[in-house]
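Presented below is the structure to which this report refers.
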Amino acid sequence: MVAVYATVSYVLLMTMYSFNNTPYSSLGGVMTGDIKERTSITSIRFVGSTIAQFVVQGLTLPLVSRFGNGDDRMGWFYTVSLYAAVAFVCLVVAFWSSRERITPPPQQEMNIRRDVSDLLGNVPWRAMFVLTLFVFITLALWGSAMSFYFQNYVDPYALSAFLCRLGFDTDASQAYSVGFSLFNTVGAITQFFGVILLSNFLANRYGKRSTFIACLSLTAFFTALFYLPSVSDIQTIFLLGILKSLAYAPTVPLLWAMIGDVADHIEYVNERRATGFCFSGVVYALKTGLGLGGAFAGLLLSAFGYVSGASVVQSDMAVEGIRLVSSVVPAILFAAGVTALFYYPITKEFNEKMQNELSIRRTHQNGDPHR
């Protein structure tokens with residue numbers, strides 16, 4: 001019964017989260033038609049979410065201990081209840097303070113079949129769907145594979161010595177958990193500052209499409225280089241992690257800003273707008289990519305002969321598979337995402353032209369360029 005309760009409650013939670021997250025993700029596409037403001041909105045969104053992740057990662061276990069006083073069950077209950085209350089307040093604030101300034105044309109009528117046809121027939125949307133699918137397959141696959149990379153390829157004694165030089169008093173038995181956590185933390189911090197410092201600047205100067213192509217290409221390049229370090233070359237592994245996170249950072253908010261541009265393009269071509277429908281299709285690609293990526297990592301490692309178990313000594317073939325799945329394979333998948341972007345026609349110049357014409361069209365329709 002506990003398993004049934006956990007399953008049902010988790011499915012309901014994820015269902016309600018999707019009901020909330022799809023319109024929330026779409027807000028950037030309807031709050032403004034200004035391409036610079038749209039990029040800024042999505043950048044601020046991801047800065048806030050990153051800060052929240054650090055708060056949750058840093059405070060959850062201390063709060064469980066504080067609230068529980070030895071009773072972990074009650075500690076988790078009160079901690080999650082606190083997070084739920086904070087989330088509720090934040091969602092209500094977002095609801096009351098945000099405004100949808102870009103709305104469908106006045107003459108548009110509800111027509112799901114037409115919306116589906118417009119969506120599937122739109123080249124920019126198909127490009128973003130493929131891009132999102134491959135990017136999130138790759139992120140899930142690489143994230144899973146790097147755990148095996150640190151656990152089965154990196155030399156624990158070299159990693160322990162590296163950590164000791166940084167002030168972490170760890171021996172070889174603790175090196176994997178501390179080293180991999182530090183690797184992920186450094187990457188997250190680098191990505192956080194990359195979003196703040198680079199996303200708006202690069203997108204406003206070179207356009208979202210060009211910035212995404214350049215940054216994702218660099219991400220693929222640095223990911224492929226993880227094949228090269230030796231088992232004891234810890235400094236290079238961490239340096240590559242920093243460079244990869246810095247290269248990928250500008251693309252994080254740009255993905256969602258570009259989907260908002262796609263919603264504009266559908267309106268521009270078909271004189272119909274379905275922003276939520278446009279975003280929901282891409283969110284589906286994201287969820288599918290995360291699921292497939294985790295599964296592919298396990299299947300590929302099994303194909304190379306990986307045997308689960310912390311005490312198992314992996315074969316040379318399995319270790320080679322871990323190196324490939326942590327480097328070359330995700331780099332190829334990132335490159336597939338770059339290829340999809342070449343079919344995305346909304347350049348900086350075209351976007352400016354499209355926004356100007358949409359503004360004039362909206363003014364003629366009801367006298368309000370922002371509807």
Side-chain angles (χ1 to χ4, degrees), residues 53-54 57-58 61 136-194 218-249 290 293-335:
Q53 288 174 16
F54 282 127
Q57 290 169 358
L61 292 181
F136 282 90
I137 285 175
T138 311
L139 292 177
L141 182 144
W142 187 79
S144 298
M146 286 305 294
S147 174
F148 296 102
Y149 186 88
F150 269 80
Q151 190 170 22
N152 300 108
Y153 177 68
V154 173
D155 179 51
Y157 296 98
L159 181 57
S160 175
F162 174 78
L163 293 172
C164 287
R165 290 196 295 272
L166 295 179
F168 296 91
D169 186 16
T170 58
D171 55 28
S173 64
Q174 301 171 312
Y176 159 68
S177 57
V178 177
F180 188 51
S181 296
L182 179 63
F183 177 82
N184 288 330
T185 301
V186 170
I189 293 173
T190 302
Q191 183 171 298
F192 174 73
F193 285 104
L218 286 172
T219 305
F221 174 71
F222 291 128
T223 302
L225 292 183
F226 275 96
Y227 184 80
L228 299 179
S230 67
V231 295
S232 59
D233 195 359
I234 311 301
Q235 293 90 334
T236 300
I237 293 172
F238 272 77
L239 177 61
L240 288 175
I242 292 171
L243 292 174
K244 175 188 174 295
S245 296
L246 189 62
Y248 182 70
L290 290 175
F296 287 166
L299 291 172
L300 287 172
L301 291 177
S302 296
F304 279 99
Y306 176 83
V307 179
S308 62
S311 60
V312 175
V313 177
Q314 303 298 332
S315 66
D316 291 341
M317 177 70 76
V319 173
E320 182 69 8
I322 291 171
R323 294 177 67 195
L324 288 171
V325 177
S326 303
S327 57
V328 177
V329 173
I332 292 172
L333 294 173
F334 272 135

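A distance-only check finds no donor-acceptor pair linking the side chain of Ser160 to the backbone of Pro156 [under 3.5 Å]. Under the 3.5 Å distance criterion, the side-chain polar atoms of Asp171 are matched with a main-chain donor or acceptor of Gln174.
Here the OH atom belonging to Tyr248 is positioned 14.0 Å from the CG atom belonging to Leu218, to the nearest 0.5 angstrom. Within the model, atoms OG1 of Thr170 and OH of Tyr176 stand 14.5 Å from one another, a figure rounded to the nearest 0.5 Å. Ile332 contributes atom CD1, which lies 11.5 Å from atom OG1 of Thr223 (distance to the nearest 0.5 angstrom). A distance of 12.0 Å separates CG of Leu225 from NZ of Lys244, quoted to the nearest 0.5 Å. To the nearest 0.5 angstrom, Phe150 atom CZ is 13.0 Å from Ile322 atom CD1. Taking CG from Leu300 and OG from Ser326, the interatomic distance works out to 10.5 Å, rounded to the nearest 0.5 Å.
Put simply, the side chain of Asp233 reaches to within 4.5 Å of the side chain of Gln235, judged on heavy atoms. Residues Leu301 and Val325 meet the side-chain proximity criterion, which asks for heavy atoms closer than 4.5 Å. At least one side-chain heavy atom of Ile237 sits less than 4.5 Å from a side-chain heavy atom of Tyr149.
Residue Ile242 comes nearest to Thr190 through the heavy atom pair O-CG2, 3.5 Å, listed as atom of the first residue, atom of the second, then distance. In plain terms, the two heavy atoms of Pro330 and Thr138 that are nearest each other are O-CG2, 3.2 Å. Across all non-hydrogen atoms, the minimal contact from Leu159 to Ala175 is CD2-O, 3.2 Å. Heavy atoms only, all atoms of each residue included: Pro229 and Tyr153 are closest at O-OH, 2.7 Å. Ala220 approaches Ala331 most closely through the heavy-atom pair O-CB, 3.3 Å. Among all heavy-atom pairs drawn from Ala158 and Asp155, the shortest one is N-OD2, 2.9 Å.
No hydrogens or angles considered: a donor-acceptor pair under 3.5 Å links the side chains of Glu320 and Tyr227.
Applying the ring-ring contact (aromatic ring centres under 6.0 Å, His included) criterion to Phe148, with sequence neighbours excluded, gives Tyr306.
Between Trp142 and Phe334, the distance separating the two ring centers is not shorter than 6.0 angstrom.
Using the six-membered ring where Trp is involved, Phe192 and Phe54 have ring planes that are perpendicular, over 60° apart on the 30 and 60° scheme.
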Show which side-chain atoms of residues 179-187 pair as donor or acceptor with protein atoms under 3.5 Å away, not counting sequence neighbours.
| unit_1 | atom_1 | unit_2 | atom_2 | d |
| --- | --- | --- | --- | --- |
| Ser181 | OG | Ser177 | O | 2.8 |
| Asn184 | ND2 | Phe180 | O | 3.3 |
| Thr185 | OG1 | Ser181 | O | 2.8 |

